[in-house]
Amino acid sequence: MKLTIEDLDKISDKLKKTMLLREGDGIGSGIFHLMLCAGTGCISNKSSRVKEALDREIKKHGLEEKIHVVITGCNGFCAVGPVMTVLPDGIFYENLTEADIPFLVEEHFINKRPVKKFMHRQNSLGDGIPYLKDINFFANQTLIVLRNRGLIDPEKIDEYIARDGYKAFAKALTKMKSEEIINEIKKSSLRGRGGAGFPTGLKWESCRNSPGDVKYIICNADEGDPGAYMDRSIIELDPHAVLEGMLIGAIAIGAKEGYVYIRTEYPLARERLSTAIEQAREYGLIGENIFNTGFSFDISIKQGAGAFVCGEETSLIASIEGRYPEPRMRPPFPVQKGVWGMPTCINNVETWATVPKIINYGAEWFYKIGSEKSKGTKIFSLVGKITNTGLIEVPMGITLKEIIYDIGGGIPDNKKFKAVQTGGPSGGCIPSELINLPVDYERLAEAGAIMGSGGMIVMDEDTCMVDVAKYFIEFTADESCGKCTSCRDGASALLGILEKITRGEGEESDLEFMEELSHAIKDASMCGLGQTLPNPVLSTLHYFKDEYKEHINKKCPAKVCKALIKYHILESKCTGCTLCAIKCPVKAISGDKKQLHKIDQNTCIKCGMCKEVCKFKAVSVD
Amino acid sequence: MIKFIINDRELEVENGKTILEAAFASGIKIPTLCYNKELSPYGACRLCLVEIAGGGRIGLHAACLYKVTEGLIVKTDTERVKKARKIVIELLLAGNPDSEKIKLIAEEYGVNKTRINLGTRTDCILCGLCVRVCAEVVGMSAISFAGRGTRKKVQTPFDKISDTCIGCGACAYICPTKAIKIEQV
């Protein structure tokens with residue numbers, strides 16, 4: 001059924017009560033919506049089993065009329081999944097299993113006693129916190145792009161519409177000229193969320209002004225940084241926001257066709273996106289003659305085949321065209337000559353999802369959020385050695401400290417914070433001394449890192465920075481398209497030196513040469529991959545040179561590099577319990593019961609199993 | 001015609017010419033390895049790097065690909081160019097210490113030895129001349145790139161003896177490092 005603009009309001013009205021309830025109105029009405037997370041993280045922790053158990057128990061108690069289980073996209077708090085919020089009250093439950101559900105349903109909904117043991121604790125001594133709004137992880141975030149997080153079922157277009165969905169598109173289509181849309185985006189100072197931070201309005205304007213009748217719009221969903229899952233989650237939790245952003249972009253630029261280029265490795269996001277496209281097409285929100293205005297725009301999905309370099313826009317275009325994905329030189333830029341040789345505007349998922357909010361609430365509103373030169377919010381995936389692993393949205397300009405401690409809950413096991421890597425393999429490591437650094441495009445670049453698309457990997461004292469640099473170079477050496485000598489062989493050369501250093505065979509002159517090599521790789525390579533791949537090396541060399549030097553002196557201070565460490569059993573602590581000897585995968589440990597055990601250094605593969613299993617802290621590394 | 005400046009000299013070239021074509025036409029030397037004037041430029045070897053100092057996208061770019069625009073300021077021999085080029089030559093030498101052509105270029109640009117150890121050696125430098133000559137001159141496209149990163153190579157589909165290959169030998173002829181051999185099958 002094709003909708004009219006008035007129909008959007010009718011759908012909103014119809015769902016008004018539901019939405020108000022989910023926003024917290026109607027506490028005590030006896031109606032509950034159980035918002036169960038079905039993002040990739042929670043699903044892999046078996047949230048679908050939890051769903052089945054909930055359905056079963058609700059039916060058993062005859063509560064089907066009063067309690068509705070709603071499947072949502074990623075709720076963000078991945079560390080404690082599967083998670084569920086009981087609305088309208090806002091009670092948050094975590095780490096749920098299928099077996100917990102009978103008790104939970106009975107206690108909470110029959111006996112009216114919310115269950116403490118499934119509530120979140122901010123530290124081991126603390127009491128369970130009943131309400132989501134009181135949990136630090138959630139309380140310190142600002143949701144703009146993720147405003148529908150945990151509130152709608154991403155597979156129901158009506159629920160998106162009821163949360164002001166497609167209203168920005170209707171406004172742009174009927175009340176704004178293309179130039180006005182572009183001006184609004186320019187005024188908002190929105191910058192590309194894919195990494196480089198190019199002003200979105202300017203990009204749209206140059207694409208609009210490029211000669212040609214046929215123009216394309218692309219949503220870059222080829223997210224590939226290790227540890228980053230912002231774009232996947234946005235699509236999983238609110239796919240229509242991305243489509244609406246693209247529709248608005250299409251009016252502004254004058255495009256009739258758009259592609260979403262998404263990784264094959266993201267099956268759930270792809271599925272939700274194609275459901276969203278089908279639903280939008282059925283409602284006539286995409287397709288021919290939308291809202292009878294004469295405006296037509298269609299969107300199709302293109303799947304990437306797993307090459308990291310396809311996130312680079314010219315490779316992405318080659319891949320869409322069915323060619324071998326190698327970058328080409330810019331200029332000409334895609335806005336001049338893109339897919340099939342036509343002007344093409346490529347923006348990242350988060351950028352597209354931000355657009356409808358700017359059109360709905362105005363550029364001035366958006367401009368007020370953030371720091372001096374970086375406006376709005378940014379979504380990060382907070383991972384690594386951090387207590388609250390998860391997906392967060394914060395205003396630009398927030399400090400690293402606020403992210404890591406106030407939202408992230410600090411470093412687990414009372415370890416010391418050492419560094420944080422932003423921007424994935426193209427980014428850099430920021431050391432603990434800079435923990436008060438405001439997170440925006442300029443300040444991160446000054447510190448030798450980049451904003452990137454939003455991966456934030458936290459490292460503690462047990463992380464070896466040389467090993468980190470080696471990890472990232474290993475990744476880029478593997479993912480380089482192999483075209484430029486400087487990138488392909490340059491990355492291999494860097495990797496060779498890093499391997500040498502972690503084996504304890506490095507020399508002082510290697511450090512100097514790595515710097516020279518890194519700068520040459522950045523300068524000589526054609527695309528962003530090669531131009532940024534040495535950043536992890538350069539930033540660790542800059543902030544952690546002493547650690548490199550220690551490796552040259554055959555010591556790994558973090559005790560990670562296997563060639564430089566040895567495991568010993570301490571005579572004073574070993575009780576001869578034999579556990580280490582039983583668990584050792586290579587039988588390198590010998591010793592009789594209740595006698596001191598010994599590790600044969602020639603057989604030991606330094607896997608660390610003995611240290612992990614020893615209950616008496618009798619295994620030491622040096 | 002377009003006016004631009006290269007090494008402080010003003011030159012006039014036809015619209016659509018690359019920096020490399022303009023430089024060659026006026027006798028300015030720029031080293032190349034993956035370039036052949038009969039084929040479309042590819043920009044892979046990174047030897048022809050020049051510095052755009054104004055009037056375009058500032059930074060180092062492959063001269064074989066960058067098209068001259070009005071007012072462009074190009075420098076072919078700055079410190080920045082020399083530093084990047086030196087490393088590129090060292091990388092090529094590390095992979096192909098025996099290639100006559102690479103040794104010649106290294107000598108010409110004063111690179112006596114390489115400080116780089118790549119661990120492996122392959123005769124092929126992935127310059128793509130063979131792929132382009134087969135597609136653009138022979139018109140067969142019997143070979144192509146496969147894989148990526150350090151595992152990238154030139155091969156026939158699925159690395160099997162190809163019916164498409166007509167055995168013309170153009171790929172072996174054009175290969176700058178003699179990595180392609182012709183065998184009787």
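Reminder, nothing fancy here: chain letters follow the sequence lines and each chain counts from 1.
Note on R148(B) versus D478(A): no salt bridge recorded, every NZ/NE/NH1/NH2 to OD/OE distance being 4.0 Å or above. Taking the charged nitrogens against the carboxylate oxygens, D523(A) and K83(B) have no contact shorter than 4.0 Å, which rules out a salt bridge.
Here Y42(B) is the residue among F145(B), Y42(B), Y66(B) with the most heavy-atom pairs under 4.5 Å with chain A. Ranked by heavy-atom pairs under 4.5 Å with chain A, the list V88(B), L118(B), L49(B), T150(B) is led by L118(B). Counting heavy-atom pairs closer than 4.5 Å to chain B, the top residue among G496(A), S509(A), S486(A) is S486(A).
The shortest distance between side-chain heavy atoms of L33(B) and T485(A) does not fall below 4.5 Å. Contact annotation: the side chain of R46(B) never approaches that of K483(A) to less than 4.5 Å [non-hydrogen atoms, C-beta and beyond]. No side-chain heavy atom of R488(A) sits less than 4.5 Å from a side-chain heavy atom of L91(B). The shortest side-chain heavy-atom distance between V131(B) and Y324(A) does not fall under the 4.5 Å cut-off. Side-chain contact between L65(B) and M526(A): present, with at least one pair of heavy atoms (C-beta onward) separated by less than 4.5 Å.
Residues G43(B) and C484(A) approach most closely at O-SG, 4.3 Å, considering heavy atoms. Taking each heavy atom of A84(B) and A520(A) in turn, the nearest pair found is CA-CB, 4.1 Å.
In this structure, L517(A) CG and I116(B) CD1 are separated by 5.5 Å, a value rounded to the nearest 0.5 Å. In this structure, R80(B) CZ and H519(A) NE2 are separated by 11.0 Å, a value rounded to the nearest 0.5 Å. Here the NZ-CG distance, from K522(A) to L60(B), works out to 13.0 Å after rounding to the nearest 0.5 Å.
Of the atoms belonging to A477(A), it is backbone heavy atoms, and not side-chain ones, that fall under 4.5 Å from chain B. Contact of A146(B) with chain A is made through the backbone alone, with heavy-atom distances under 4.5 Å. In this structure, the portions of A307(A) lying under 4.5 Å from any heavy atom of chain B include both its backbone and its side chain. Neither the backbone nor the side chain of T476(A) comes within contact range of chain B, judged by heavy atoms closer than 4.5 Å. Of the two parts of R151(B), only the side chain, counted from C-beta on, holds a non-hydrogen atom closer than 4.5 Å to a non-hydrogen atom of chain A. Neither the backbone nor the side chain of R328(A) comes within contact range of chain B; no heavy atom of the residue lies under 4.5 Å from a heavy atom of that chain. The contact between R115(B) and chain A is made by backbone and side chain atoms together, counting heavy-atom distances below 4.5 Å.
Around atom CD of E446(A), more than 12 heavy atoms belonging to other residues, nucleotides or ligands sit under 6.0 Å away. Other residues, nucleotides and ligands contribute only 12 or fewer heavy atoms inside 6.0 Å of the OH atom of Y173(B).
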